[in-house]
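What's counted below: heavy atoms across the whole structure, side chains too, no hydrogens, waters or symmetry copies.
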Amino acid sequence: VQLQASGGGLVQPGGSLRPSCAASGRINGMGWFRQPPGKTREFVSAIRWADGGTYYADSVKGRFTISRDNAKNTVYLQMNYLRPEDTAVYYCASAPRTYNSAYYRREAAYDSWGQGTLVTVSS
């Protein structure tokens, strides 16, 4: 599976962005991770393709929403009420099979990664 992420950019605190990730090939699950400057990559959100189950890191719950477009084989991450600490390179990733919810939070669940899109939250 090849992934193409887009939709990052510069936004003021409190603003919104909606990065997307288009995939080629069969999808079983898609995840978003992010890597803030000088820090390790961390889980943000994931969606299980079979039933649309969604999962979020506590730091983004209530502000971010993950969704999918089956016809376009694309996943979106609607990010609202953005904060400076959300600044990071955001990566999408594809899972080769369906898992229980907890496993989607682990990088090991994914075997294909997009190139990353930079999100900067600053005034």
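Contact annotation: the side chain of Leu77 approaches that of Ser45 to within less than 4.5 Å [non-hydrogen atoms, C-beta and beyond]. Proximity of Arg41 to Arg34: side-chain heavy atoms (C-beta onward) are nowhere separated by under 4.5 Å. Side chains of Ile27 and Asn73 form a contact here, defined as non-hydrogen atoms less than 4.5 Å apart. In this structure the side chain of Val44 reaches within 4.5 angstrom of the side chain of Tyr90, judged on heavy atoms. Looking at Asn80 and Phe64, their side chains never come closer than 4.5 Å, going by heavy atoms from C-beta outward. Within the 4.5 Å cutoff, no side-chain heavy atoms of Pro84 are placed close to those of Ser122. Looking at heavy atoms from C-beta onward, Thr87 lies out of side-chain contact with Val119 at the 4.5 angstrom threshold. Side-chain contact between Trp32 and Cys92 is present, with at least one heavy-atom pair separated by less than 4.5 Å.
When all heavy atoms are compared, the tightest approach of Pro13 to Ser123 is CD-N, 3.7 Å. Nearest approach of Met30 to Ala23, heavy atoms of both residues: CE-CB, 4.4 Å.
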Does the salt bridge (Lys or Arg N to Asp or Glu O under 4.0 Å) test come out yes or no for Arg83 and Asp86, once each step is laid out? CA-CA 5 Å; Arg83 305 166 179 169; Asp86 294 317; 5.3 Å; no
Just do the side-chain contact (heavy atoms from CB on, under 4.5 Å) check on Thr120 and Val11 with the steps written out, would you? CA-CA 6 Å; Thr120 303; Val11 65; over 6 Å; no
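Here Arg97 contributes atom CZ and Arg48 contributes atom CZ; the two are 14.5 Å apart, rounded to the nearest 0.5 Å. Summarising the geometry, atom CZ belonging to Arg63 is positioned 11.0 Å from atom OG1 belonging to Thr65; distances are rounded to the nearest 0.5 Å.
A donor-acceptor pair under 3.5 Å links the side-chain atoms of Asn28 to the main chain of Pro96, judged by distance alone. Listed for the Arg68 side chain is a donor-acceptor partner under 3.5 Å among the backbone atoms of Trp49. Between the side chain of Arg106 and the backbone N or O of Ala102 there is no donor-acceptor pair closer than 3.5 Å.
Residue Tyr55 belongs to a hydrophobic cluster whose other members are Phe33, Phe43, Val89, Tyr91, Tyr99, Tyr103, Tyr104, Tyr110, Trp113, Leu118, with links defined by side-chain heavy atoms closer than 4.5 Å.
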Which pairs would a plain distance check flag for residues 2-10, meaning a side-chain donor or acceptor within less than 3.5 Å of a matching protein atom at least two apart in sequence or in another chain?
residue: Ser6; atom: OG; partner: Ser20; partner atom: OG; Å: 3.3

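Placement of Ile66 and Tyr76 in two distinct hydrophobic clusters is found when ILVMFWY residues are connected by side-chain heavy-atom separations under 4.5 Å, directly or transitively.
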